[in-house]
Each structure stands twice: as C-alpha cells, then as structure tokens.
Amino acid sequence: MSLVPVKAAEAPRKFDLAIIGAGPAGMAAAIAARECGLSVLVVDENAAPGGQVFRAAELAGADPALARDMAPGLELIARFRALDITYRAGSTLWMLEPDTGTLSLAHQGETTEVTAERIMLATGAQERPVPIPGWTLPGVMSAGAAQIALKTAGMVPSGKVVLAGQGPLMWLLANQLIRAGVMPVLVETRTQPILRTALESGGIFSGFAQLAKGIGLILKARQAGLRVITGAKHLRAEGSARVQALRFEGGVEPCDTLLLHEGVIPSTHISMAIGLEHGWDAQQICWRPKLDVFGASSHARIAVAGDGAGIGGWEAAVAAGQLAALDAGLRLGRISRADRDSRAEASADALLQARALRPFLDALYAPSQEILAPPEEGTIICRCEEVTAGSLRWAAAIGATGPNQAKAYLRCGMGPCQGRLCGPTVAAVIAETRNVPVEEVGHFRPRAPYKPITVQELASAQQRVDSLP
C-alpha cells in the first residue's frame, strides 16, 4: 500500500466533511463518515497518519521498543488508508473561515483553499508547560518531544537520562526507553495519595482495565530496575553550557538529558481563534470547547472530537470521532436521526468506558501550584520573548488583568507559538498575583495564521486571488 499523500492538485476543492488531524479521532471520524456516504478531506501536519499516540506507527511498528504500543493503531491506520478518503499529509491549516467553510492550507511552499459543508477539529492534545528554573538549558526537553524522536527516528538520549514530573506518559516513556536500551531515573512530582484519591474520585472499578494497564507499566519498569524518587518539589535544572543536574528539595540527580512532563491539555488554538465558546475545566485545569454529546460546538458548522475537546486518551478519541461523524451524516442529510442514534449507541458506550478512569487520573496527577505559577521571579515563562515570571507579576500589579493585556505590556505570546506554550502559565501567574480564579483572567486570543507561514506561501495565495476574473 502506497504511503505517498494525495497531492493538493489531485483533490476536489469541495467536501462534505473536512477533518483537521489524522490521529485516532480524525481517522475514526473519516472512516465513519465514509460509511455514511460523505466525501471526506483529512488535513494533517504529519507525514503519515497516527497522531501523537500512534505517530509513525507504520514505520515504528516493528521496533521492539514500540511494537506493543503501536499495534492498536496499525489496524486503525490500515482501515483509514483503505477507504476513498482525500488525505493531505504534511499540510498546515493556517486559516479557517467557519461561516463559509473555507480552509486555507499550506503545503510545500504553496497555499490552497478548499471548502467543506462541515468541519471537525481533531487537533489532539499538547503537553502542559513545565516552566522551572533552567528549563531553557540545552538538554532539557519535554517527554513528548523525546517520544517523537524515538518514534520517528529511532533516536534515544545519550548519557544519563532523568524523567521529571508525573502522569501516565512518564511510565509509558520509561518502559519504551528501557526497551530501547536506556535506563532513566524517574523523579516523580506526584504528591496525591493513591488510595485516598481513588476513594474520593471514583471510577477505578468501571475503569479497571485501564487501571490494570497502568499498574502493569509501573510494575514492568520497576522490575527492569527503574529507580524512582517520589514526592519531589521545587525542581530546578542546573548547568552551564547545558543541563548537568536536576535539583529538587532534599536531593540532586546528575543528568545529561532532562525530560519534563506534567500531563497534557487540549490543543485549543484553532477553536479559540475561530471564536468557539469554551469553558474552564477545573478537574483538568484547562480550557475546553463547549460541546454537545456528538461534539457539536457553538458554531453550526464546526465539531470537535478527541483530546482537543478534553483529555480522554486514544480510545475515547476514537469513539468521539465516530459520534461526530455520525452527527455530520445526519446534518448533511445522508442518514436519518433514528439511524444516527442507533449507530451511535456502541460508540457512546465505548466513550463512557474510556473516560471512566479519567476523574481518578486527573485528581492523582494534578499539577502543583508551583508548576502552574512558578514562584521564582527569574523563571522564563514565554520562551519566544524571554518574559519572566517576575515581569508578569509586575504587569499584573500595575493593571494587566489578563494575558492579552500582558501581551501589550511585555510581548508575551507574540512569538512563533502565539501563546500556545506559555498561555496557561501566563494566565496562572496573573490569576495568582491578582488573587482571582484563572477562568476570570481568561486566555490569549489567537488569530490567523495559526502557524507561521512563509512569504512565498502568502504570495502564492495572493497570486491566485489576483488571477480571479
């Protein structure tokens, strides 16, 4: 089966459903939509389908370090590739006009425009920022970035590796690194007691299968010899030209590579930019779009599915993508309401099951206030513009009521990432300084282009406009 993506010129310019993202939610939605008879476009920045969890699965699936984790994704990817779906790999959505259904795409130096009757955002999750002193040193990176290198290039860190933070990904990555021949040290920041958290949050019995999988990862890593330091506080990366050690309250751990992780949050950059209504999720400590049970948003044309709608994992993303696609089939007149509801029963049940353990995980791995709003004044928060926590507190003290006002004072959030990486921390620091809830402070207002594009790409778009009759 060919892995060459469909070229832009070969694809029609109008579709029933356009899906942004070819992760589990996007692929499952595309499959379900085709079964409803819809024409489907899938736009993905990656070179191959899979999203983050199954990134490069077709290439990495045979790697002993990754094979067992990639296996579920390979079946989904095979079904996705087997159907008549227009798949635009290596393409970036840089502007979306919801009212007209127009999507502006950048690919290999050129831009194209397509339209869709319905649009589904399946943009997935991003790692929560972990701004500790020294996190900008060479050799410090996120756990997710290390996992991408492992999946796409078979690369592992050299020298002494320290994983610092908390969350299920830490144990998964620890096992993958061990299978790849690297024995890291895990410095865990979790402070919540497991038993009390389980009793207070619930979900451990209905989500027992997921819990058992997580316990299995922990046991395998420990049996392989993983050294674990628990309850670490006040993390600090130290070094001169590059990171040399992780210091924490009561100890220090030498390292050549430091991998940070404090969980993931929905990727809401596009959904916020196009003005969808969002609400504050106090359990996951993040913003998420306001949706109905089928993923329909506050805009009549737009749906959101997968981790971009709230963190639930890949199995929940598959079920949510199927539900959103069935709803698209109804809205576009391809299936009846009774047919939609009948087909949706299995996916709805799967979604509930996949989310059953989530309250426990959210409570167990809730990041501490010092991670959300770093107390050290010199800690860099906005890496693009090198804005520190102290500068943000100063701005809040003299009248910056939220991230957008702080942007005017300090340029935070004005770099290439447009606040995707610093936004949560900027809001948390301002909220702490003003002694108000984070939801009152608000969030950055992103605008198109959602990702940086070149002058050449902009020029190609303008040339097409100039050539219109």
Side-chain angles (χ1 to χ4, degrees), residues 127-147 149-150 155-178 180-194 217-264 364-383 386 388-390 421-422 425 428-429 432:
E127 286 187 275
R128 187 188 298 277
V130 190
I132 64 172
W135 74 314
T136 58
L137 282 170
V140 181
M141 58 196 299
S142 73
Q147 193 182 54
L150 177 60
M155 296 176 62
V156 294
S158 60
K160 188 173 179 58
V161 179
V162 170
L163 291 168
Q166 59 179 334
L169 178 63
M170 299 294 279
W171 292 98
L172 175 61
L173 180 58
N175 276 275
Q176 291 172 340
L177 289 175
I178 291 169
V182 175
M183 180 59 73
V185 173
L186 175 57
V187 178
E188 193 175 32
T189 58
R190 177 183 61 82
T191 58
Q192 298 299 323
I194 295 177
L217 288 174
I218 294 172
L219 292 177
K220 287 176 183 176
R222 286 186 174 276
Q223 289 169 357
L226 178 70
R227 184 160 63 90
V228 181
I229 300 168
T230 60
K233 299 179 181 179
H234 310 310
L235 305 184
R236 176 183 296 270
E238 296 183 339
S240 51
R242 59 175 291 112
V243 67
Q244 294 172 304
L246 172 70
R247 187 174 296 276
F248 48 92
E249 188 176 278
V252 60
E253 194 65 38
C255 61
D256 299 295
T257 301
L258 173 61
L259 306 178
L260 301 173
H261 183 76
E262 287 283 342
V264 296
L364 183 67
Y365 294 123
S368 65
Q369 182 61 21
E370 72 173 63
I371 291 296
L372 298 173
E376 295 87 352
E377 300 290 82
T379 302
I380 291 178
I381 305 302
C382 172
R383 298 177 65 135
E386 298 187 337
T388 65
L421 299 180
C422 68
T425 312
V429 169
E432 183 183 73

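- Atom-to-atom distance recorded for Met183:CE and Leu226:CG is 6.5 Å, nearest 0.5 angstrom.
- Between Ile371 and Ser368 the shortest side-chain heavy-atom distance falls below 4.5 Å.
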Steps toward side-chain contact (heavy atoms from CB on, under 4.5 Å) verdict (Arg128, Val264): CA-CA 5 Å; Arg128 187 188 298 277; Val264 296; over 6 Å; no
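- Of all non-hydrogen atoms in Ala164 and Leu235, the two that sit nearest each other are CB-CD1, 4.2 Å.
- Interatomic distance, CZ of Arg222 versus CG of Asn175, reported as 11.5 Å (0.5 Å rounding).
- Shortest non-hydrogen contact noted between Ala389 and Pro374 is CB-O, 3.9 Å.
- Of all the heavy atoms in Val182 and Pro157, the pair that sits closest is CG2-O, 3.9 Å.
- Within 6.0 Å of CE on Met155 lie no more than 12 heavy atoms contributed by other residues, nucleotides or ligands.
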Report all side-chain donor-acceptor pairs from residues 129-143 shorter than 3.5 Å, counting only partners two or more places apart or in another chain.
from	atom 1	to	atom 2	distance (Å)
Trp135	NE1	Ile380	O	2.8
Ser142	OG	Glu127	OE1	2.6
Ser142	OG	Ala145	N	3.0

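- Taking the side chain as every heavy atom from C-beta outward, Val187 and Leu246 approach each other to under 4.5 Å.
- Partners of Glu238 under the salt bridge (Lys or Arg N to Asp or Glu O under 4.0 Å) rule, at least two apart in sequence or in another chain, are Arg247.
- Using a 4.5 Å cut-off on side-chain heavy atoms (C-beta onward), Phe248 and Thr189 make no contact.
- Using a 4.5 Å cut-off on side-chain heavy atoms (C-beta onward), Leu173 and Leu259 make contact.
- The shortest heavy-atom contact between Leu372 and Pro367 is CD2-CG, 3.7 Å.
- Sequence neighbours left out, the pairs with a member in residues 223-233 that pass salt bridge (Lys or Arg N to Asp or Glu O under 4.0 Å) are Arg227-Glu253.
- Counted within 6.0 Å of CD on Glu377, heavy atoms from surrounding residues, nucleotides or ligands total more than 12; the atom is thus considered enclosed.
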Test log, rule side-chain contact (heavy atoms from CB on, under 4.5 Å), inputs Trp171 and Val228: CA-CA 11 Å; Trp171 292 98; Val228 181; 3.8 Å; yes
Pair Thr257, Val162 - check side-chain contact (heavy atoms from CB on, under 4.5 Å), show working. CA-CA 6 Å; Thr257 301; Val162 170; over 6 Å; no
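- To the nearest 0.5 Å, atoms CG (Leu177) and CG (Leu186) are separated by 11.0 Å.
- Using a 4.5 Å heavy-atom threshold, the side chains of Ile178 and Pro184 count as touching.
- Screening Met170, Glu188, His261 against Leu163 for a side chain to side chain contact (heavy atoms under 4.5 Å, CB included) leaves a single residue, Met170.
- Side-chain N or O atoms of Glu370 include one that pairs as donor or acceptor with a backbone N or O of His234 at under 3.5 Å.
- With contacts defined as side-chain heavy-atom distances shorter than 4.5 Å, the pair Lys160/Val185 qualifies.
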side-chain contact (heavy atoms from CB on, under 4.5 Å) evaluation trace for Asp256 with Val243: CA-CA 6 Å; Asp256 299 295; Val243 67; over 6 Å; no
